[in-house]
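Below, chains carry the letters A, B, ... as their sequence lines are ordered, and counting in each starts from 1.
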Number of protein chains: 2
Amino acid sequence: MNFSNYNGPFTFVSRFEEGEGTNPEELVGAAQAGCYSMFLSALLSGKELKPESIETTATVHLGKDETGPKITNIDLVSKVKVAGIDESGFQALADEAKQKCPISRLYAGTEINLTATLIN
Amino acid sequence: MNFSNYNGPFTFVSRFEEGEGTNPEELVGAAQAGCYSMFLSALLSGKELKPESIETTATVHLGKDETGPKITNIDLVSKVKVAGIDESGFQALADEAKQKCPISRLYAGTEINLTATLIN
């Protein structure tokens, strides 16, 4: 699959100040949250479960090291409403989605912390 | 900097078929192209040069390995219109932007191939 570039309004102001528009960090957070949710949805479906909702938020932390700006870590917080699975079974699938989703695998240059909550 | 989640219309259809909407791979391509362009712009400005335009496209290749889906490589193609710099000086800055932009550093789990063209 090939994709071309994005012509959205991202600027130095939207990136480093409080300006309007998106920026690269916001896009990578959106990609991670979306990919994780889709992957977990697929894993749950594979167990014949039907999630009612999966809501995931990614918080991207942009810091700095000796080379320059660096995304130091990403916090993924996911709330999942699904019946028919217990806490330990759910946490195992949540962790599998974090490990195997292709966006997590792409982001090998940072640390991803997951907090997954099961709502029955 | 913290960012929350994206509520855009991405679905399995927009990801794996030809449906409407965005998807995680498109977002990571957009982030890479945007970050690279901003970083190169900053490096050129640091040399007192004023780029007239920087146009960068990222093509994201989603493949598969034994673990599952994987972003195997990203092709970055950048066209830069700027006066006052020679080809080798330009290529050095283009490569530095690829190495140091925080999105490239985040994407340690893939290979990034850059083709940068200088237009005087």
TODO: Determine whether more than 12 heavy atoms belonging to other residues, nucleotides or ligands lie under 6.0 Å from atom NZ of A:Lys100.
DONE: no

Honestly curious: do [X] and [Y] fall in one hydrophobic cluster under the side-chain, below-4.5 Å linking rule?
| X | Y | value |
| --- | --- | --- |
| A:Tyr36 | A:Ile112 | yes |
| B:Val77 | B:Met38 | no |
| A:Leu118 | A:Leu49 | yes |

Task: Atom pair OH (B:Tyr107) and CD1 (A:Ile71), whose distance is rounded to the nearest 0.5 Å - done: 8.0 Å

TODO: Look up atom CD1 in A:Ile103 and atom CG in B:Leu62, then write down how far apart they are to the nearest 0.5 Å.
DONE: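 Between A:Ile103 CD1 and B:Leu62 CG, I get 8.0 Å after rounding to 0.5 Å.
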
Open item on the list: Quick check against the 3.5 Å criterion: does B:Arg105 have a side-chain atom that pairs as donor or acceptor with the backbone of A:Pro69?
Closed with: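 Present.
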
Open item on the list: Do B:Pro24 and A:Gln32 have side chains that approach each other closer than 4.5 Å (heavy atoms only, starting at C-beta)?
Closed with: no

TODO: Under 4.5 Å heavy-atom distance to chain A, tell me which part of B:Asp65 shows up: side chain, backbone, both or neither.
DONE: side chain

Open item on the list: Checking A:Leu27 against B:Val28 for the side-chain contact (heavy atoms from CB on, under 4.5 Å) test, could you report, in this order, the C-alpha distance in whole Å, the side-chain angles of both residues, the deciding distance, and whether it holds?
Closed with: CA-CA 7 Å; A:Leu27 294 172; B:Val28 299; over 6 Å; no

